[in-house]
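The structure appears right after this line, and notes come after that.
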Amino acid sequence: MAAKVLVTREIPTAGTDPLKDYDVTVLGDGVPDRETLLEAASGASAILSTVTETMDAGLMDAAGSGLKVIANLAVGYDNVDVDAATERGVVVTNTPGVLDETTADTAFMLLLAAARRLGEAERLVRSGGWEAWGPMQLTGPEVSGKKLGIVGFGRIGQAMGRRARGFGMRIFYDARSRKPEAERELDARRMSLEEILSTCDFVSVHTPLTDGTHHLIGAAELATMKPEAVLVNTSRGPVVDEAALAGALLEKRIFAAGLDVYEEEPKVHPKLLELENVVLAPHIGSASIETRGAMAALAAENLVAVMRGEEPPNAVNSDAHGDAL
Ligand code: NAP
C-alpha cells in the first residue's frame with residue numbers, strides 16, 4: 001500500500017506531480033482548521049506544510065509514529081516545532097535559495113512604495129479626490145544615494161543589497177557573522193543594530209524569527225531612528241513590535257513603513273489600518289508564479305528524498321536523521 005502523504009494546502013502542480021507514487025491527500029485552498037488538520041494527518045508518513053499551519057507536537061502525535069518528514073513550503077520554519085520533530089525522529093525541511101530574488105523584489109517594492117507614498121497616492125486617485133498635479137503633493141524622501149541598513153544579511157538580505165546598489169544606495173548591515181565576500185561585492189559595511197537604526201535612512205529587516213529576534217525592533221529601537229527614516233519588514237511579523245511601530249508612525253517619529261508580515265496574520269494591528277504612512281501587503285514576499293512553483297518543487301524533492309531514505313537537500317534538523325533515515 002502506498003504511503004500516506006498530506007499536503008495541507010492546494011499548491012502548484014510542480015509540488016504535487018512528484019508525489020504520484022504516494023497516497024496523497026491535498027486539503028483545500030483555504031487554511032485548514034485544526035480539527036481538519038489533525039484528522040487528515042492521522043497515519044501520514046509525510047506532511048507538506050505551509051506557513052499557515054502550526055506543526056507542533058500534537059500534530060505530529062496525531063500523525064503517529066510513522067511520520068518521517070515535515071516538508072515546509074517556505075524558507076522560514078517558525079511554524080514548525082523543530083525540537084518536537086527531532087525528538088520524534090521527524091526530519092524537517094525548508095525551501096531556501098529559490099525565493100531570494102522574489103522576496104527581495106517585494107522588500108524593495110515596499111521600500112519605494114513607502115518612501116514615495118504609493119498607497120496614499122493610489123487611494124487619492126481611486127477616491128476621485130485628485131484635483132491636479134501639485135508642486136508639494138505627496139512628496140517623500142529620495143531613495144537614490146541614501147543609506148540602507150539591512151538587518152539580517154543572509155540570502156534575501158544580500159539580494160536586497162544588490163537591488164539597492166542599482167539605486168546608488170550605500171549599504172550597511174547587521175548579521176551574527178561578518179560577510180567579507182558580500183562586503184566586497186556590495187561595498188557594504190557591518191554596523192551594530194544600534195548604529196544602523198540611528199544613522200540609516202532606510203532599514204529593511206531580513207532575519208528569521210527566533211527567540212533571539214522576537215521584537216528585535218521594539219519601542220526603544222524605533223525611538224532611535226531618524227524622523228525621515230523608512231522601515232521595511234518582509235521577515236516575520238513578530239520581529240517588529242507592531243503596536244510600537246503603529247505608535248511611532250502615528251506620531252510621525254519615523255516617516256513611513258512597508259510591511260509584508262504581521263504578528264498575528266491575517267490580523268493587522270487596527271491602528272496600522274488607519275494610517276496613511278504605512279504600505280501593507282498580505283504576506284506576498286515570494287508570490288511570483290515562477291518562485292511559488294520552484295518552492296513547491298523543492299518541498300516535494302525534500303519530502304521524496306526522506307521517504308526514499310536519502311539525504312534531503314534542505315534538512316533543518318540534520319540531528320533527526322539518525323532516527324529517521
Ligand atoms: P538566511 O539566509 O538564513 O539569512 C538570515 C540572516 O539573519 C543571516 O544573515 C543571519 O546572520 C541573520 N540573523 C539571524 N539572527 C540575527 C540576529 N539576532 N540579529 C541580526 N541578524 C541575525 O535566511 P533568508 O533565506 O535570507 O530568509 C530570511 C527570513 O526571511 C526567513 O527566515 C523568513 O522568515 C523570511 N522570509 C519571508 C518571506 C515573505 O514572504 N515575506 C519570504 C521568504 C523569507 P548569520 O548569517 O550571521 O547567521
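Source: prediction; values computed, not measured. Counting starts at 1 for both ligands and their atoms, in listed order. Residues take their numbers from the sequence shown, with the count starting at 1.
Among the atoms of S177, some N or O lies under 3.5 angstrom from an N or O of ligand 1. Here's the thing with G157: none of its N/O atoms is less than 3.5 angstrom from an N/O atom of ligand 1. Taking only nitrogen or oxygen atoms, main chain and side chain alike, D260 reaches within less than 3.5 Å of ligand 1. The shortest N/O to N/O separation between K179 and ligand 1 falls below 3.5 Å.
Between E183 and the options R190, R178, R189, a salt bridge (Lys or Arg N to Asp or Glu O under 4.0 Å) holds for only R178.
Rounding to the nearest 0.5 Å places NZ of K226 at 4.0 Å from CG of D201.
Comparing S286, G152, G154 by heavy-atom distance to atom 12 (C) of ligand 1, the nearest is G152. Taking only non-hydrogen atoms, the option from H283, M295, R176 nearest to atom 11 (O) of ligand 1 is R176. Of the candidates I156, T207, T106, T207 brings a heavy atom nearest to atom 13 (N) of ligand 1.
More than 12 heavy-atom neighbours from other residues, nucleotides or ligands sit within 6.0 angstrom of CD on E265.
Atoms of ligand 1 lying under 4.0 Å from any heavy atom of S235, numbered from 1 in the order shown and given with element: 34 (O), 35 (C), 36 (N), 37 (C). Every atom of ligand 1 with a heavy atom of H206 under 4.0 Å away is listed here by number and element: 5 (C), 6 (C), 7 (O), 28 (C).
Among protein heavy atoms, the minimum distance from atom 19 (N) of ligand 1 is reached at D174 OD2, 4.0 Å.
When only modelled atom types and interatomic distance are considered, E53 and T50 share a side-chain donor-acceptor pair under 3.5 Å.
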